[in-house]
Amino acid sequence: GWSTYSWKFNAANSPYLNSFAIGDWAVVKDKWKHVSVEYYSEKKDAEKLKRSFGKTPQMMEFMSNYLRYPYPFKKYAQVATADFIYGGMEHTTCTTQTDWALQDEIANKETPSRPNILAIHELTHQWFGDLITVDDWSHLWLHEGFATYFEHAWTEHERGNDEYDYVRYIDIIEYFDEDKNHYRRPIVTNLYQDHGDIADAGHAYNKSGLGIGLLRDVLGDEGFRDSLAHFIQHNAYRTVQTDDLIYSIREATGKNLTQFFDQWVYGTGYPELKVSVHYDSKKKMVNVRAIQTARMDEKSLWNFPVTIAVTQPNGKE
């Protein structure tokens, strides 16, 4: 009564990304181009699979186009399992998901984007985490920051710019809470007792994802995507550190963003400003005075671009 399954994977792969999911599964088979796409769950949840994971091929298309690097493996599966200790885990070619991601019809009407956020997050890791893996946990933000950023980018793609701004706003509030009420740390640090300590929501996920969005603003859309494409193409199936991303940006765009990374990644905190505005009705002039109340350190002020919008009584800027 025994069955033997043989599994072969020819590419370099970190051991923590291996997974074996064994059970009496319900399975839904899908496809993206030549890639086999599969969804698994306990049989009692079979009807929820397509509803919850059915946009995966669209996400694979979106990610492949955005990164200019097609999904890199021969198959992709998502296994929704009970009692999983995380939301999801990006095992190479076979993401493990919590079965909480599976939605019935009522939940799907109320929160249709909920399973999509988890799905795009874990799918992003097939590039940032699996195809490219950090060589030590201090650079974990290169996994979780990009996975969080692409939650935002998928939301922008599917639901528009206002929703993109809103999900970033939520992440900002959560980061501010961790920074103010718990601790403040650099994004890249080797001061931790356990690797789980550095996988914190506020810094490794939220601040890192927001920082990547800011990097996009600094580079512009094309420069940003050129940089990501260079980073992936030159580091596929290798381990990386943060400096590899800095190098790729310089190679792709000619821009040296060492100061940006010193501030946002190797530094701590964020700019804090005291702003006053005065309108001189005689001169028809707006005077804006902005004073930094927080420094990166004792010597350095934050250096960052600021856009000021002046709105007239008729609502025009």
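- Clustering ILVMFWY residues whenever any of their side-chain heavy atoms sit less than 4.5 angstrom apart, transitively, puts F84 in a cluster other than the one holding L123.
- In this structure, N116 and S52 approach most closely via the heavy-atom pair OD1-O, 4.1 Å.
- Annotation: side chain of F231 is in contact with side chain of V240 (closest heavy-atom distance under 4.5 Å).
- Looking at heavy atoms from C-beta onward, D30 lies in side-chain contact with K50 at the 4.5 angstrom threshold.
- Placement of L118 and Y71 in two distinct hydrophobic clusters is found when ILVMFWY residues are connected by side-chain heavy-atom separations under 4.5 Å, directly or transitively.
- Put simply, the side chain of M63 reaches to within 4.5 Å of the side chain of I120, judged on heavy atoms.
- Close placement of the H203 and Y175 rings is indicated, their centers lying within 6.0 Å of each other.
- Nearest heavy-atom pair, T98 versus A80, reported as atom, atom and distance to 0.1 Å: O-CB, 4.2 Å.
- For the residue pair D200 and H182, no side-chain donor N or O sits within less than 3.5 Å of a side-chain acceptor on the partner.
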For S208 and T148, what are the C-alpha separation, side-chain angles and deciding distance, and is it a side-chain contact (heavy atoms from CB on, under 4.5 Å)? CA-CA 8 Å; S208 297; T148 301; over 6 Å; no
Full working for side-chain contact (heavy atoms from CB on, under 4.5 Å) between T93 and F9: CA-CA 10 Å; T93 77; F9 190 69; 4.1 Å; yes
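- A donor-acceptor pair under 3.5 Å links the side-chain atoms of K207 to the main chain of G269, judged by distance alone.
- For the side chain to side chain contact (heavy atoms under 4.5 Å, CB included) test, residues two or more places apart in sequence or in another chain that qualify with A77 are E38, Y40, K75, C94.
- In this structure, S227 and T253 approach most closely via the heavy-atom pair OG-CG2, 3.4 Å.
- Here the closest non-hydrogen pair linking A199 and Y205 is O-CE1, 3.7 Å.
- Put simply, the side chain of I170 does not reach to within 4.5 Å of the side chain of V167, judged on heavy atoms.
- V79 and L102 are members of different hydrophobic clusters when ILVMFWY side chains are connected at heavy-atom separations under 4.5 Å.
- Nearest heavy atoms, W264 versus I187: O-CG1, 3.6 Å.
- Using bins of under 30°, 30° to 60° and over 60° for the plane-to-plane angle, the ring pair F128/F146 lands in the parallel bin.
- Ring pair H143/Y16 is parallel by interplanar angle, where below 30° counts as parallel and above 60° as perpendicular.
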Evaluate side-chain contact (heavy atoms from CB on, under 4.5 Å) for D171 paired with H152, printing each intermediate quantity in order. CA-CA 10 Å; D171 279 4; H152 304 163; 2.8 Å; yes
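- Contact check for Q126 versus M60: no side-chain heavy atoms found under the 4.5 Å cut-off.
- Legend: side-chain hydrogen bond (donor to acceptor under 3.5 Å, both in side chains) pairs involving residues 237-247, not counting sequence neighbours, sorted by first then second residue: D135-Q241, H139-T242, W141-T242, N235-R238, D243-Y266.
- The closest side-chain heavy-atom distance from T4 to W2 is not below 4.5 Å.
- Relative orientation of the Y166 and Y169 rings is tilted, given thresholds of 30° and 60° on the angle between their planes.
- Relative orientation of the H234 and H230 rings is parallel, given thresholds of 30° and 60° on the angle between their planes.
- Minimum heavy-atom separation, S64 to W127: OG-CZ2, 3.8 Å.
- Placement of Y192 and V134 in two distinct hydrophobic clusters is found when ILVMFWY residues are connected by side-chain heavy-atom separations under 4.5 Å, directly or transitively.
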Evaluate the criterion side-chain contact (heavy atoms from CB on, under 4.5 Å) for residue pair H278 and M285; output intermediate values, then yes/no. CA-CA 8 Å; H278 172 69; M285 181 180 294; over 6 Å; no
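- N18 and N13 share a side-chain donor-acceptor pair at under 3.5 Å.
- Within the 6.0 Å centre-distance limit, the rings of Y149 and F224 are counted as a close aromatic pair.
- Open room surrounds CG on D83; 12 or fewer heavy atoms of other groups in view lie less than 6.0 Å from it.
- Legend: salt bridge (Lys or Arg N to Asp or Glu O under 4.0 Å) pairs involving residues 153-162, not counting sequence neighbours, sorted by first then second residue: K55-E158, E156-R216, R159-E163.
- Put simply, the side chain of Q58 does not reach to within 4.5 Å of the side chain of E61, judged on heavy atoms.
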Under the salt bridge (charged side-chain N to carboxylate O under 4.0 Å, His left out) criterion, do R68 and D226 qualify, and how do the steps go? CA-CA 9 Å; R68 300 168 186 164; D226 288 345; 2.3 Å; yes
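- One hydrophobic cluster, built from ILVMFWY side chains closer than 4.5 Å, cannot hold both I106 and W100; they sit in different ones.
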